[in-house]
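Whatever order the structure lists ligands and atoms in, that order sets their numbers, starting from 1.
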Amino acid sequence: MNIHEYQGKEILSSFGVRIQRGIVAQDPKEAVEAAKKLTEQTGTGWHVIKAQVHAGGRGKGGGVKLAKNLQEVEEISGQIIGMNLVTPQTSAEGKKVHQVLIAEDVYYPGDNEPEEYYMSVLLNRATGRNMIMYSTEGGMDIETVAEKTPHLIFNEEIDPSTGLLPFQARRIAFNLGLSGTAFKEMTKFVMSLYEAFTKSDSTLFEINPVLKTSDDKIMAVDAKVTLDDNALFRHKDYAEMRDEREESPVEVEARAVGLNYVDLDGNVGCMVNGAGLAMATMDLIKQAGGEPANFLDVGGTADAKRVEEAFRLILKDEKVKAILVNIFGGIVRCDRVAQGIVDAYKNMGNIHVPIIVRLQGTNADIAKELIDNSGLDVYSAVEFQEAADKVQEVLA
Ligand code: GDP
Ligand code: MN
């Protein structure tokens, strides 16, 4: 689950990670109140107004702006709230901004120039260990750094049996070229950041930039945090951070009825029981020259009601030109699923695309007969390949 920058910062701060402080606001009036309150807390009169959407590259799209007084806070908030923010990470239509974070300006002048670093924490799937990726070249162009000068990005892998060790944090601070106060600050920052990562059951932290202020403080100016959905049951307070306005409407609906659905770009809708079979089905569709429109795992109970809910979700996607149903009848009997499909089809009355059904397992032969004799625009297949080929045939 993705969360907003301000929520990510709340989590970081709760583990002692220093952050650029801020208050979230829903309209320009709240923004001004937030700025006043922040000034009392921090003593700074300048603020940054930051669009809160689930997409990066906001700075490039005009979603992060500096305000030098309360009038500018009001004006800029008014411009950003309600806008469709287009960034390199959104679609061409952009994302609607519902709220802004009013944050203290931390790029104030002083003895040294502020410096921007990059830091992320994530699982290295090749080694099965968490790693901290970091670079001196933080800021808005980290993608270019990764592409053109990858040797400027460092890795620190963490042994799960010991966790992050202090010498590793010191190595990171050293490689970032720090000394004195900033060095100590960075080791503290890295240790607390990693603790936050593991204790919050996150799958990704991306802090870009990590800032060294002109007076040598180290803090998180941005926070992209992805939480592990499967661990939300033990973090009720994080689960409440979900912002459904940021998610695909179909996926939200699927979650409400307990279906596992992921929206994709192709034209072949899939209804499958079991995540492994669903992935194999998508591979097979691709191999036969098609493109899956979704991932959908209906789970163990593929009865008429569930089949109907699944059809309804799949058909919300106007790109869908055919549906492939691939069910293995182990616990559920195939004839019951077949009857469910026929009932759902008749009951809905608005299915306008051909359906290819492959049922294997208990009572598969009875199921095939049921489908073949239904008189509907539904085709049966026995073999996996046969089903995928049939899909291509009806699309041609
Ligand atoms: P992103 O573009 O979505 O990654 O949003 P960020 O939170 O990283 O902000 C974008 C850029 O805004 C940063 O790289 C900074 O250069 C700038 N920025 C963020 N906070 C401040 C601030 O307090 N003062 C100033 N002057 N610039 C800031
Ligand atoms: Mn950023």
Is any side-chain heavy atom of T198 less than 4.5 Å from a side-chain heavy atom of N130?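 The answer is yes, as the side chains (C-beta and beyond) meet within the 4.5 Å cut-off.
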Other residues, nucleotides and ligands only: do more than 12 of their heavy atoms fall within 6.0 Å of OH on Y108?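 Yes, the 6.0 Å shell around OH holds more than 12 heavy atoms from other groups.
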CD of E318: more than 12 outside heavy atoms within 6.0 angstrom?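 No, CD of E318 has 12 or fewer neighbouring heavy atoms, counting only those of other groups under 6.0 Å.
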Mode of V106 contact toward ligand 1 - side chain, backbone, both, neither (heavy atoms, under 4.0 Å):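 For V106, backbone and side-chain atoms both sit under 4.0 Å from ligand 1.
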Using a 4.0 Å heavy-atom cut-off, which part of T87 comes near ligand 1: side chain, backbone, both, or neither?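 It is neither; nothing of T87 touches ligand 1.
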So, applying side chain to side chain contact (heavy atoms under 4.5 Å, CB included) with L227, which one of N2, L204, I11 is it?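 Only match with L227 under side chain to side chain contact (heavy atoms under 4.5 Å, CB included): I11.
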Q20, E115, E116 screened by side chain to side chain contact (heavy atoms under 4.5 Å, CB included) with P209, the one that passes: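 Filter result, single survivor: E116.
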Atoms of ligand 1 less than 4.0 Å from [X] heavy atoms?
| X | value |
| --- | --- |
| E104 | 23 (O) |
| D105 | 22 (C), 23 (O), 24 (N), 25 (C), 26 (N) |
| V221 | 19 (C), 20 (N) |
| R58 | 1 (P), 2 (O), 3 (O), 5 (O), 6 (P), 7 (O) |

Give the residue and atom name of whichever protein heavy atom lies nearest to [atom], and the separation in Å to one decimal.
| atom | result |
| --- | --- |
| atom 10 (C) of ligand 1 | M140 SD, 3.9 Å |
| atom 12 (O) of ligand 1 | V64 CG1, 3.5 Å |
| atom 7 (O) of ligand 1 | K50 NZ, 2.7 Å |
| atom 13 (C) of ligand 1 | E116 OE2, 3.9 Å |
| atom 6 (P) of ligand 1 | D222 OD2, 3.5 Å |

Would you check whether [X] has a nitrogen or oxygen atom less than 3.5 angstrom from a nitrogen or oxygen atom of ligand 1?
| X | result |
| --- | --- |
| G57 | yes |
| G59 | yes |
| E5 | no |
| K60 | no |

Heavy-atom distance to atom 25 (C) of ligand 1: which of Y108, Y107, W46 wins?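 When every heavy atom of Y108, Y107, W46 is considered, Y107 comes closest to atom 25 (C) of ligand 1.
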Determine, using heavy atoms of K224 and all atoms of ligand 1, whether some pair is separated by less than 4.0 Å.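 No; K224 lies far enough from ligand 1 that no heavy-atom distance drops under 4.0 Å.
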Sub-4.0 Å heavy-atom contact, Q20 with ligand 1: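 For ligand 1, residue contact (heavy atoms, under 4.0 Å) with Q20 is present.
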Taking all non-hydrogen atoms of both residues into account, name the closest pair between L123 and G128 and its distance.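 Scanning both residues completely, I find the closest heavy atoms to be CD1-C, 3.8 Å.
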Before you tell me yes or no, could you show the steps for K96 and R245 under side-chain contact (heavy atoms from CB on, under 4.5 Å), namely the whole-Å CA-CA distance, both residues' side-chain angles and the distance that decides it to 0.1 Å? CA-CA 9 Å; K96 178 132 177 148; R245 295 173 298 190; over 6 Å; no
Taking NZ, NE, NH1 and NH2 as the nitrogens, is one of them in [X] or [Y] under 4.0 Å from a carboxylate oxygen of the other?
| X | Y | value |
| --- | --- | --- |
| E253 | R312 | no |
| D343 | R336 | no |
| K29 | E33 | no |

The Mn ion (ligand 2) to D222: nearest N/O/S atom name: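 The closest N, O or S atom of D222 to the Mn ion (ligand 2) is OD2.
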For F384, is the NZ or CZ atom of R358 found under 6.0 angstrom from the centre of its six-membered ring and inside 45 degrees of the ring axis?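 Satisfied, under 6.0 Å and within 45°.
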Parallel, tilted or perpendicular, as decided by the 30° and 60° cut-offs, for the rings of F205 and F197: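 Ring orientation of F197 relative to F205: perpendicular.
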